[in-house]
2 protein chains.
Amino acid sequence: MAVTIKEIAERAGVSPSTVSRALAGNPRISAETRARIQRIIDELGYHPNMNARSLVVKSSGTIGVVLPRSGDSAFLNPFFPEVLRGITAALEEHGYALLLATGRDDAVKHEHVARMVQGKQVDGVILLESRADDHLIFYLREQRVPMVMIGRPLLEGIAYVDNDNVLAGKEATEYLLERGHRHIAFLGGSLAYAVTVDRRDGYMLAMDKAGIAPAMRTVLSTDFSEEDAYREVTDVLHRPDRPTAFVVADDLMALGVIGAVQSAGLTIPEDVSIVSFNNVLLSRLTNPPLTSVDIHILDLGRKAVEMLFALIEKSSSRVDHYTDTYIVHTQLIERGSVSLGPFASGNV
Amino acid sequence: MAVTIKEIAERAGVSPSTVSRALAGNPRISAETRARIQRIIDELGYHPNMNARSLVVKSSGTIGVVLPRSGDSAFLNPFFPEVLRGITAALEEHGYALLLATGRDDAVKHEHVARMVQGKQVDGVILLESRADDHLIFYLREQRVPMVMIGRPLLEGIAYVDNDNVLAGKEATEYLLERGHRHIAFLGGSLAYAVTVDRRDGYMLAMDKAGIAPAMRTVLSTDFSEEDAYREVTDVLHRPDRPTAFVVADDLMALGVIGAVQSAGLTIPEDVSIVSFNNVLLSRLTNPPLTSVDIHILDLGRKAVEMLFALIEKSSSRVDHYTDTYIVHTQLIERGSVSLGPFASGNV
DNA sequence: TTGAAAGCGTTACCAG
DNA sequence: CTGGTAACGCTTTCAA
């Protein structure tokens, strides 16, 4: 049996209530008893049973993070370790712990989340996925669990932190247009994700503005994986009118694009230019290094926990239905995957 | 207020005990009441309060994972997402959740771990770090918490899963020796880590066996980071008798080595060869791609949870002090960072 | 097959 | 400033 509050109360010759107060830093307690209690606590290395504590106060001191898909495939993309980095760093400052939720499929993940939410294991939740068809969001909203999403939700009334992905998509595309590319393709993940939709919309906006004919546009969408990107782009490259540049919504996918281009006997950036997104470590390692849009993943994570704590705060003072939004800025990092296109005017 | 067992008992016209039994799948209960109860549970979307449950049964259904250093810097190295990948996958199969422990310094991390262990939030712990001076291990052993380490502990009597790092270090070095290198340097992380020590020992063994004079050996040790590796190696490269090859204990460090070599105006593999460790994603992205020893990180993670569950099992049946060891094999993956050295015999 | 009651370790309210 | 008591939501004897 572990040492309990009762035991230390006995040794100190006081009641459990007093010990509890001492622990909580309650001021109405004599300095001497406080000291005596503290000494015994240190001596015995006492730590309160969090389950008992959480049972009575309504806080668990931990927040839940819901990974997309199964934890297995999620960690494949460097995006996730990076957000987690931001999240854990911020959580540390608040003395909060982090419970991870995964699940090989949506059903078991839902079960997992329900257990931690209704099981009162977490005070709030950060969602790392914004898919259109996600029941989880409805569920969490209905349960009135404080939550914030990383990435724009496809529903109203949910707090989130995100980049301005349509702006970022637009800028990435314009970057290519300014350098004389006209036939530019967009490659993104599934259109069920808001990120994909937004970046594509940005791409479309830029193409519209530049007056590029629909025939010169190509929108590809597939899984967020290197292999699928490879397959998809390989097809396109063998068309007679292949694009001279790609806007790719994810560095990992860009890896697939690089592979496809090189397998097709073409070279980057001479034959095809690429600008991608996320600017994770690997983008400076590829050959050539990728020009990529830095989305400040770390900040996404940090800000998400700040917002979550604000929500938890509010929800305990019953100011229901508080939602907020925070946009972290993006920045295109120039590297070596873009060259001048066939329509370059020479003055960029 | 969330829905409780009491409430569903009322609606079903039975006692809380009965509902509890139904939930637990207790066979001594009539099919009809069970069905009725189940219907109400589904209807109300009831989930038990895990804190209350954990308070009485002595299991929390979650295990703790202790990250090295602060979570912040840990996620910088691709090794950690990858173990986590293995761990979460295996945990999923057991229906267990995962609580992460970090801490910007050893003191707060210790506090964090103590809270989750003595606070009965976890049934066991996986340690992701094997440093010599780690008080945490003593603490956990004294608390008799089921635990397994990933990486060889520097103490006896602790269950762990690891690679045979001295063998792997030896093989990596021999690979270079066979290809005609004699002046081979070893670059590792801090010698407070067992990995570093073991791989270096393997290097020494190979050099001994090949009869290489101590003057031709160089052992470098620094932080597990790209920057430090860069700095350390830059020094060495400017010595008149620079090594023709490096055994580098980590892919991320190898990145720094590559940078240093190229900054010194030398080329890989012509001027200096590299074999590194871990074989994470980036090792095939560098230019040239890194010949690296695959340590099967995923298996390290999976196996660790298997062992942990075995331990938890044993500990509940009070067969104290059960320890075990599992070695996952390694495999050198040949890529483009090694060429023949000055003493190549031509017949490798 | 089911119910009543005790107990898990804390906190919080009410007295004193 | 401190103690007694109830309560948190669940499981588990012990009886029926």
Side-chain angles (χ1 to χ4, degrees), chain A residues 1-38 40-41 44-62 114-123 316, chain B residues 1-38 40-41 44-62 114-123 316:
Chain A
M1 285 300 83
V3 28
T4 78
I5 213 176
K6 215 167 164 181
E7 189 173 335
I8 93 113
E10 233 162 55
R11 298 221 192 193
V14 295
S15 80
S17 330
T18 307
V19 178
S20 178
R21 289 194 192 94
L23 243 39
N26 189 317
R28 316 183 309 187
I29 205 174
S30 81
E32 14 194 358
T33 36
R34 176 189 301 285
R36 185 154 35 94
I37 289 174
Q38 190 55 56
I40 305 190
I41 285 179
L44 270 55
Y46 166 79
H47 279 260
N49 182 318
M50 299 309 283
N51 296 308
R53 188 207 282 279
S54 301
L55 191 56
V56 27
V57 304
K58 255 92 168 54
S59 160
S60 59
T62 110
R115 164 176 146 180
M116 76 190 211
V117 162
Q118 303 195 47
K120 299 282 179 270
Q121 297 188 107
V122 299
D123 297 346
S316 66
Chain B
M1 284 302 81
V3 28
T4 77
I5 213 177
K6 212 167 167 181
E7 189 172 336
I8 94 112
E10 234 161 54
R11 299 222 192 190
V14 295
S15 80
S17 333
T18 307
V19 178
S20 176
R21 290 195 189 93
L23 243 39
N26 190 319
R28 317 183 308 189
I29 205 173
S30 81
E32 16 195 355
T33 37
R34 176 190 302 286
R36 184 155 35 93
I37 289 174
Q38 189 56 54
I40 305 190
I41 284 179
L44 268 55
Y46 167 78
H47 280 259
N49 182 319
M50 297 310 280
N51 295 309
R53 188 207 282 277
S54 301
L55 192 55
V56 26
V57 305
K58 255 93 171 55
S59 161
S60 58
T62 108
R115 165 174 145 180
M116 76 190 210
V117 163
Q118 302 195 47
K120 299 283 179 268
Q121 298 189 106
V122 299
D123 296 347
S316 66

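Small disclaimer: the values here were computed from a predicted structure and weren't measured. Numbers restart at 1 for each chain; the letters A, B, ... are given by sequence-line order, proteins then strands.
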Figure out the [atom1]/[atom2] separation between [X] and [N], and round it to whole Å.
X: B:Ile41; N: D:dC10; atom1: CD1; atom2: P; answer: 10 Å
X: A:Lys120; N: D:dG9; atom1: NZ; atom2: P; answer: 9 Å
X: B:Asn49; N: C:dG9; atom1: CG; atom2: C1'; answer: 14 Å
X: B:Asn51; N: C:dT10; atom1: CG; atom2: P; answer: 13 Å
X: A:Lys6; N: D:dG4; atom1: NZ; atom2: C1'; answer: 13 Å
X: A:Gln118; N: D:dG9; atom1: CD; atom2: C1'; answer: 14 Å
X: A:His47; N: C:dG9; atom1: NE2; atom2: P; answer: 17 Å
X: A:Ile37; N: D:dG3; atom1: CD1; atom2: P; answer: 8 Å

Checklist entry - Is the phosphate of C:dT10, meaning OP1 or OP2, less than 4.0 Å from a side-chain N or O of A:Tyr46? => result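 So the side-chain polar atoms of A:Tyr46 do come within 4.0 Å of the phosphate oxygens OP1 or OP2 of C:dT10, strictly under.
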
Closest non-hydrogen atom pair, [X] against [Y]:
X: A:Arg115; Y: A:Gln121; result: O-NE2, 3.8 Å
X: A:Asn26; Y: A:Arg28; result: OD1-N, 2.9 Å
X: A:Arg34; Y: A:Ile29; result: NH2-CG2, 2.6 Å
X: B:Pro16; Y: B:Ala9; result: N-CB, 3.6 Å
X: B:Val19; Y: B:Ile37; result: CA-CD1, 4.1 Å

Checklist entry - Looking only at side chains, do A:Ser17 and A:Ser20 share a donor and an acceptor under 3.5 Å apart? => result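 Per modelled atom types, A:Ser17 and A:Ser20 side chains form no pair under 3.5 Å.
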
Next on the checklist: Starting the side chain at C-beta, find the nucleotide from C:dT10, D:dC10, C:dA12 nearest to A:Ile5.
Outcome noted: C:dT10

Checklist entry - Out of C:dA12, C:dG9, D:dT11, which nucleotide sits closest to the side chain of B:Lys58? => result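 In terms of side-chain proximity for B:Lys58, the closest of C:dA12, C:dG9, D:dT11 is C:dG9.
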
Next on the checklist: So A:Thr33, base contact, sugar-phosphate only, or nothing? Heavy-atom distance under 4.0 Å.
Outcome noted: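 Touches sugar-phosphate only.
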
Checklist entry - Is the CZ atom of B:Arg36 crowded by more than 12 outside heavy atoms at less than 6.0 Å? => result yes

Checklist entry - In degrees rounded to 10°, what angle is found between the helical axes fit to the five outermost pairs at each end of the helix from C:dT1-D:dA16 to C:dG16-D:dC1? => result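 Here the helix ends are tilted 40° relative to one another.
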
Checklist entry - Under a 4.0 Å heavy-atom cut-off, which of residues 8-31 of chain A touch DNA chain D? => result A:Gly13, A:Val14, A:Ser15, A:Ser17, A:Thr18, A:Arg21, A:Arg28, A:Ile29, A:Ser30

Checklist entry - Nearest 0.5 Å, what's the CG-OG1 distance between B:Asn49 and B:Thr4? => result 9.5 Å

Checklist entry - Can you tell me how far the NZ atom of A:Lys120 sits from the OG1 atom of A:Thr62, to the nearest 0.5 Å? => result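 The distance works out to 13.0 Å.
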
